[in-house]
Amino acid sequence: MSAAANADRSVRRPVSIASFAQSDNVRRENERNEVEMLQPVVAEVFANIGIDKDDIHFICSGSTDYLIGGPFSFVTALDAVGVWPPRAESHVEMDGAWALYEAWVLLQEGEIDTALVYSFGRSSPGNLQEILALQLDPYYLAPLWPDPVSLAALQARALLDAGKATEEDFAAIASRSRKDALGNPKAQVSNDISTEALMKDDYVVSPLRRHALPPITDGAAAIVLAAGDKAREWSDNPVWITGFDHRIETHSLGARDLTSSPSTAKAGEVAGVADGAVDVAELHAPYAHQEIILKEALGLGDGVRINPSGGALAANPMMSAGLIRIGEAAARIAAGEAGRAVAHATSGPCLQQNLVCVLEGGE
Amino acid sequence: MPEGEALHASHVLEYPYSRSVGPVIGAFMTGLRDGKLTGVRGAGGSVIVPPTEYDPTTGDDTGEMVEVGPGGVVESWAWVSDPLPKHPLDKPFAWALIRLDGADTALLHAVDAGGPDQIATGDRVTVRFRPVAERIGSMADIDAFVPEGGAS
Amino acid sequence: MAGETTTEELGPVTTLATPIRLDFEFTPGIALSGFLRGLEQGKFIGQRCPKCGKVYVPSRGSCPTDGVPTTEEVELGNAGTVTTYCVVNVPFAGQSIEIPYICAQVLLDKANISFMGLIQEIPTDEIRMGMRVEAVWVDPSELTPTLASVKYFRPNGEPDADYDTYKEYL
Amino acid sequence: MAERCAVIGVGQTHHKAKRDDISIAGMVREAAKMALTDADLTWSDIDAVVIGKAPDMFEGSMMPELYLAPALGAVGKPMLRVHTAGSVGGSTSIVAAHLISSGIHQRVLTVAYEKQSDSDAMWALSVPQPFAAPLLAGAGGYFAPHIRAYMRRSGAPEHIGRMVAVKDRLNAIRNPYAHLHLPDIDMKTVEESMMLWDPLRYLEACPSSDGAAAMVLAAEDSVSGSYPPAWIHGMAMRSEPTQFAGRDQVNPQAGRDCSADVYAQAGITNPRAEIDVAEVYVPFSWYEPMWLENLGFCDLGDGWKLTEAGATAFDGDIPWNTSGGVLSSNPIGASGMLRFLEVAMQVRGQAGEHQIDGVSRALGQAYGGGSQFFSMWVLGSDKP
């Protein structure tokens, strides 16, 4: 842990990402229900470190009812864990990255040492373009059914108009992401394709071409957090969370500067991103242009390796894509490829809500 | 049971939600029905459109309603060449953030511009309401915005 | 423009109708599909947890207490016990049966979980906890992969089950 | 070590079948502004916002915290959205409290709401899905068989449920924010009310309400407001599976474990003697005697005897649901927080007509789903 991070956040208790697992990310999980999709992921996240559910002190999950069009999907999902005897457990109607935040908060108090965090979502049963329109103001916006691609396109246009990026930049990000995804067995979209070739894609909603959009993905992910002795017991080289924060912006797109992300910048500042060199960043940028905005907000220079997993352009399972960023960033440190990494998650239209988690290896 | 044998069926989630709007949104919707665009004055004097009970940044209460538009400036836009079934127009159109004259924030709506080469950031557009008899006090009372001068 | 006249005539707008319709392709999942396909054949098919040995009918694919997949299929009979019940007297949207009627938790023999079933062929004031019942299936031509294949349960004439045999399922 | 945390502001809407005078944002602001005023704070004093509600299908607005962030002064701040079924109002309060007890924030605003009249509660709670069992019973039909099981186990006479229905409604008359005000209610009117799910009658079931609740929580060195702070002495959540072989739905293990945890934190060994007032999630009258046992206020099978003896009445030794409870106001997402909030009001001495004299310790409880999710806290007037 860097000295600066320690000085700023001396009250914070070190918490480690002890284990991470994710399902294959697929276009259509058409056979298994949520429980059946999640159960092997939970089993794997325990098996990775040789523990079972009885080693877990707190459980927190992230999901949303609207993806499959039925209330209380998080309720039955608990069967994938087997919460018997009864467990301290909670659920956020948010990406699992925020569930991880809730668990991390609890671990700060020192009363408990371990937590299981998981999230899941099948986007394939419904029409995501319509479903996500329901995230918008129910009086002024949702009745017009603006789809998330169109809203992202408004943001991309603003970025182009501001001279902060070109359409080639979007394609270059997609090209790099897909190429990196070749090394990620869990990725959904991966290939070796040049920026020039991608520029031949049609617009879906101008100025966004097909490659600048995330795939529609079904998937699930899980992380085990450990603090204190448990962290060292479960890993010889723990990956520590050394900074963690999240912020939200106003909902009204017309009251925001869409070319910047002050909420990411603020979360990054509180999380202490700038307190040390960043080797790797896993940014939850569902749309290619959003990576540019996030990089700027976090002050990440060209030396920072962005989304070695392929990022959300390679797989974007709703409610898990943010949690996976944290898992992937931790995996890079655990693999010795990075010493310090930044993970980011987003929610809402045009990066309305953002979370930043700083991870470090070492003692 | 082997893989590939799960049952499938179509599922429709449908409800005719009816929302009470309260005084501020209600004033805007009433204005639409009357063929007017309104905003609300925030604590710092800025005019917020569409109007909310609260300042979109500080959360402070907002104040008096003020008339804005009918014209405004395109702040950003996105061209939809294949409208989705629920979109407000069934022909190609632009979504746009439009800062109406007299407003300090932008409103999202559709612009019936004709083609992607007929619209640009900074363009002036004006509101086109539905016929009086079709207006009910909803965002759909605005048929679309159109380029000022009536290009299409 | 209509001007103020419209508002004078209609009063200010106070409500907004925002109908929402979303279409989904639904799947109950693999384990539950096994149960539903059983219903289509006029059978109750459950699954046993490999760890605790309990039989879930239906199973959603994972033992709720152990968190492991339930894989072994178990075919159950038609008979079961009413563990508890209520008499429904309230009309509500989506209801298809004439009130009053009996809703009971039915524990099928050899199963370790009860499910809610309709009880017929008995006056509502004669239902009791522990009553032995059997499933009455719809005509074979009408069997579907839903619980609607079970027309209802009715008393099967056996003496009531001893309270101790089902008290853990209350 | 956990930091001390206290409730320093409370606010709630007037709960009604239909708040047709207000938008969703307007409704949550009504409660939130009241809580801020109570704490003598403004939006800018708040570090983070935690919001909770039950299924988004009630209002047809997905993850509405995104839309509500500016309405709750959350712009530029952390905002969390909790959903744990019916216990959500309690869980939301607890998640908010942990932001303070963990030492991360100084002042947190927490809000819970439901605007059930935007749709229909029965529909939103049981949206029909393919292959699902035919809709046999409706909401109360899920719980009525468990009530019957309780009656069988405990030997409770039938009039106990009616006593609870009358008691909570008479308490509600003291509470200006309660949805139902039924001054003429008595045992006879309850008995004569329509039988819905035998053994449950109309007046023994909760209403469907629009409403919101809000609290401001603060760390020890950030306490403000004119009423004394209500200190958190213990808080916990517990969940168990919805259905499993041998599950006891009358006296769920998760509820017993949750209260045991909270009592241990608060140093309570005899809840009936050491808790002055309790606000407990009782959506159907019979859940009072059931939860009396589950929460350890008496021995197993004796809950109904406490109710019958008047122990839980307003002038009893352990008044339960002085606000009128869920039986009198039920905006589902907010119902749990209203329980947590009422005990804060009791401890702070700001409950007006429904104030019990000299409350130094109080228990708030919420449960949800099919009695498988529990959240509880114990508040006290003394610093823990």
Side-chain angles (χ1 to χ4, degrees), chain A residues 11-13 59 64-66 68-72 74-76 78-79 82-94 98 101-102 105-111 131-139 141-142 245-252 255 262-263 266-267 347-349 352-353 355, chain D residues 1-3 23-24 49 53-57 59-70 74-85 91 94-95 98-99 101-104 118 124-127 129 236-242 244 252-258 261 369 372-374:
Chain A
V11 293
R12 299 285 179 266
R13 183 188 192 203
I59 300 168
T64 175
D65 285 342
Y66 258 105
I68 59 161
F72 303 119
F74 67 93
V75 174
T76 45
L78 270 178
D79 289 355
V83 284
W84 188 257
R87 294 303 151 87
E89 187 266 341
S90 186
H91 170 261
V92 292
E93 197 87 353
M94 309 176 84
W98 279 268
Y101 181 84
E102 183 183 329
V105 167
L106 218 60
L107 288 167
Q108 293 307 306
E109 291 173 30
E111 307 286 332
I131 290 170
L132 289 177
L134 294 183
Q135 280 187 338
L136 304 170
D137 179 310
Y139 308 93
L141 294 174
D245 194 52
H246 61 101
R247 302 281 154 164
I248 196 165
E249 291 176 37
T250 196
H251 183 65
S252 172
S263 56
K266 176 76 178 171
S347 176
Q352 188 193 342
Q353 188 175 23
L355 170 148
Chain D
M1 267 304 288
E3 306 286 328
S23 68
I24 296 170
V49 178
K53 69 178 297 295
D56 291 355
M57 279 149 207
E59 296 86 359
S61 185
M62 178 188 185
M63 299 160 73
E65 64 279 7
L66 295 166
Y67 139 69
L68 289 171
V75 172
K77 299 170 187 172
M79 186 172 198
L80 288 167
R81 156 70 193 288
V82 181
H83 177 13
T84 62
S91 316
I94 289 175
V95 172
H98 279 300
L99 291 176
S101 53
S102 61
I104 291 170
D118 278 12
L125 288 174
S126 53
V127 173
Q129 284 182 298
M237 295 186 268
R238 280 295 184 286
S239 306
E240 66 183 45
T242 308
F244 63 92
Q253 183 73 40
R256 293 193 305 245
D257 291 1
C258 192
D261 187 351
Q372 76 272 39
F373 301 122
F374 290 84

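Here is how names work: the chains are called A, B, and so on, in the same order as the sequence lines, proteins then strands, and each is numbered from 1.
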Contacting moiety of [X], where chain D heavy atoms sit under 4.5 Å:
| X | answer |
| --- | --- |
| A:T64 | side chain |
| A:A142 | neither |
| A:S347 | both |
| A:I59 | neither |
| A:P262 | neither |
| A:F74 | side chain |
| A:Q352 | side chain |
| A:I248 | both |
| A:D79 | side chain |

Look up atom [atom1] in [X] and atom [atom2] in [Y], then write down how far apart they are to the nearest 0.5 Å.
| X | Y | atom1 | atom2 | result |
| --- | --- | --- | --- | --- |
| A:L134 | D:M63 | CG | CE | 12.0 Å |
| A:T250 | D:L66 | OG1 | CG | 11.0 Å |
| D:K77 | A:E249 | NZ | CD | 14.5 Å |
| A:E111 | D:H98 | CD | NE2 | 9.0 Å |

For this session: Classify the side-chain pair D:S102/A:Q108 by whether it contains a donor and acceptor separated by less than 3.5 Å.
Result: no
For this session: Indicate the atoms forming the closest heavy-atom contact of D:P241 with A:W84, along with that distance.
Result: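 Minimum heavy-atom separation between D:P241 and A:W84: CD-CE3, 4.1 Å.
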Exercise. Between D:E240 and A:P86, which heavy-atom pair has the shortest distance, and what is it?
Worked result: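 Between these two residues, the closest heavy atoms are OE1-CG, 3.9 Å.
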Exercise. Is the shortest heavy-atom distance from the side chain of A:S90 to the side chain of D:T84 under 4.5 Å?
Worked result: yes
Exercise. Who wins among D:T242, D:L80, D:I24 for the most heavy-atom pairs under 4.5 Å with chain A?
Worked result: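 Option with the greatest count: D:L80.
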Problem set entry | Largest heavy-atom contact set with chain A, pairs under 4.5 Å, which of D:D261, D:D257, D:V95 | D:V95
